[in-house]
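For reference, the structure is listed below as structure tokens.
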Amino acid sequence: MRKLFFILLLLATTASGFAQYKPVSNEAAVKAQFAAAAQKINSIASDFTQVKTLSMLSEKVTSKGKFYFKKNSQVRMEYTTPYQYLMIINGSKVSIKDGQKTSKMSAGSSKMFQQANQLMMDCARGTVFDNPNFSVKLLENGNSYLADMTPVTKEMKTLFKSVKVLLQKSNFLVSQVQMVDNRGDNTTINYSGQQLNTNLPDALFTIR
């Protein structure tokens, strides 16, 4: 469960500022543009900053690291500050390195784990509108689209109260993702310095 919870932490932001968004008038057109933009992306490399807010604590926990994505199903999430933690998704295989300890598992070993993994891949691939585990409302402001996702399946309802994915209008890249759980805890990940379609070696997506 610790590994599953950690994956869920990778999918989050705070909800501040979302009140200024309004419904998109032509959802079909935006989704088509989003899908077309995603087809042109073969890889993403970026920095990220994660802020975890716990309902039981007044302090926020901030960490930083590197994010890598490569079509079709490869993700590397590497925490570098203030601790070192590495998670790699390579197809159906998940590898985690925590300090000197390395563990490997199948994403299909648990239905709940599999769905959480699917949500993370959807955020990287630009297919958040197609996830059957959520009902999605599409909103916008001057610079961004907001996919406001509400869980509809039993498994996702036990994990999430809501998920919000923020997309840049200029290139449809994900700049923020939000998860709020049923306890009121939330985590914010902001992506920055995104580089597209660079050559990412396969070695990035393995733990030795």
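Counting begins at 1 with the first residue of the sequence.
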For Lys137, look at atom NZ and say whether over 12 heavy atoms of other residues, nucleotides or ligands are found less than 6.0 Å away.
no
### Query
Would Gln50 and Tyr79 count as having a side-chain donor-acceptor pair, cut-off 3.5 Å?
yes
query = What do the steps show when you test Val163 against Phe134 for side-chain contact (heavy atoms from CB on, under 4.5 Å), and what is the final call?
reply = CA-CA 9 Å; Val163 175; Phe134 293 87; 4.0 Å; yes
Ile207 side chain near Ile96 side chain, heavy-atom distance below 4.5 Å | no
For Pro201 and Asn199, the nearest pair of non-hydrogen atoms, with its separation, is CD-O, 3.6 Å
With sequence neighbours left out, the residues meeting side chain to side chain donor-acceptor pair (under 3.5 Å) with Thr49 are none
*asked:* If only side-chain N and O atoms count, and only distance matters, is there a donor-acceptor pair under 3.5 Å linking Gln168 with Gln194?
replied: yes
Does any part of the side chain of Ile44, heavy atoms only, come nearer than 4.5 Å to the side chain of Leu196, both counted from C-beta? yes
* Asked: Does the side chain of Ser95 reach to within under 4.5 Å of the side chain of Ser103, using non-hydrogen atoms?
  -> no
To the nearest 0.5 Å, atom NZ of Lys66 lies from atom OG1 of Thr80 at 7.5 Å
Ignoring hydrogens and geometry, is there a side-chain-to-backbone donor-acceptor pair from Ser43 to Asn197 under 3.5 Å?
yes
Charged N to carboxylate O below 4.0 Å: is that the case for Lys169 and Glu140? yes
Taken to the nearest 0.5 Å, the spacing of Glu27 CD from Leu138 CG works out to 5.0 Å
Here the pair of heavy atoms bringing Ala147 nearest to Val128 is CB-CG2, 4.4 Å
d(Leu139 CG, Ser144 OG) to nearest 0.5 Å is 11.5 Å
**Report entry** Any donor-acceptor pair under 3.5 Å from Asp98 side chain to Lys101 backbone
**Finding:** no
Discussion item. Within a 6.0 Å radius of atom CD on Gln84, are there more than 12 heavy atoms belonging to other residues, nucleotides or ligands?
Written reply: no
To the nearest 0.5 Å, atom CG of Leu166 lies from atom OH of Tyr191 at 12.0 Å
Run the numbers on Ser46 and Phe67 for side-chain contact (heavy atoms from CB on, under 4.5 Å), then give the verdict. CA-CA 5 Å; Ser46 74; Phe67 172 83; 3.8 Å; yes
Stepwise side-chain contact (heavy atoms from CB on, under 4.5 Å) check, Leu159 with Met156
CA-CA 5 Å; Leu159 299 176; Met156 288 294 98; 3.5 Å; yes
Requested in this report: Under the side-chain contact (heavy atoms from CB on, under 4.5 Å) rule, what do Ile189 and Met77 come out as? Steps first, then yes or no, please.
Outcome: CA-CA 12 Å; Ile189 291 186; Met77 201 81 175; 3.7 Å; yes
Taking every heavy atom of Arg183 against every heavy atom of Asp181, the minimum-distance pair comes out as N-OD1, 2.9 Å
*Salt bridge or not for Asp202 and Lys70, using N-O below 4.0 Å?*
yes
| said: Is there a path of hydrophobic side-chain contacts, each under 4.5 Å between heavy atoms of I/L/V/M/F/W/Y residues, joining Val61 to Phe48? | reply: no
Residues Lys64, Asp47: salt bridge by 4.0 Å N-O rule = no
In this structure, CG of Leu200 is separated from CZ of Arg76 (nearest 0.5 Å) by 10.5 Å
Kindly indicate whether the side chain of Lys52, heavy atoms from C-beta on, has any atom under 4.5 Å from the side chain of Asn186.
no
| So, are Asp148 and Lys164 salt-bridged, with charged N and O less than 4.0 Å apart? | yes
Do side-chain atoms of Lys71 reach the backbone of Gln39 as a donor and acceptor pair under 3.5 angstrom? yes
Value for CG (Leu204) from CG (Leu86), rounded to nearest 0.5 Å, stands at 9.5 Å
Quiz item: Any side-chain heavy atom of Val75 sitting closer than 4.5 Å to one from Tyr68?
Solution: no
(message) Hydrogens and angles aside, do Asn141 and Tyr21 bring a side-chain donor and acceptor to less than 3.5 Å of each other?
(response) yes
**Report entry** Co-membership, hydrophobic cluster, residues Val152 and Met179, 4.5 Å side-chain
**Finding:** no
Check: Ring centres of Phe172 and Phe34 under 6.0 Å apart?
Finding: yes
Original post:
Between the side chain of Asn90 and the main-chain N/O of Phe205, is any donor-acceptor distance below 3.5 Å?
Top reply: yes
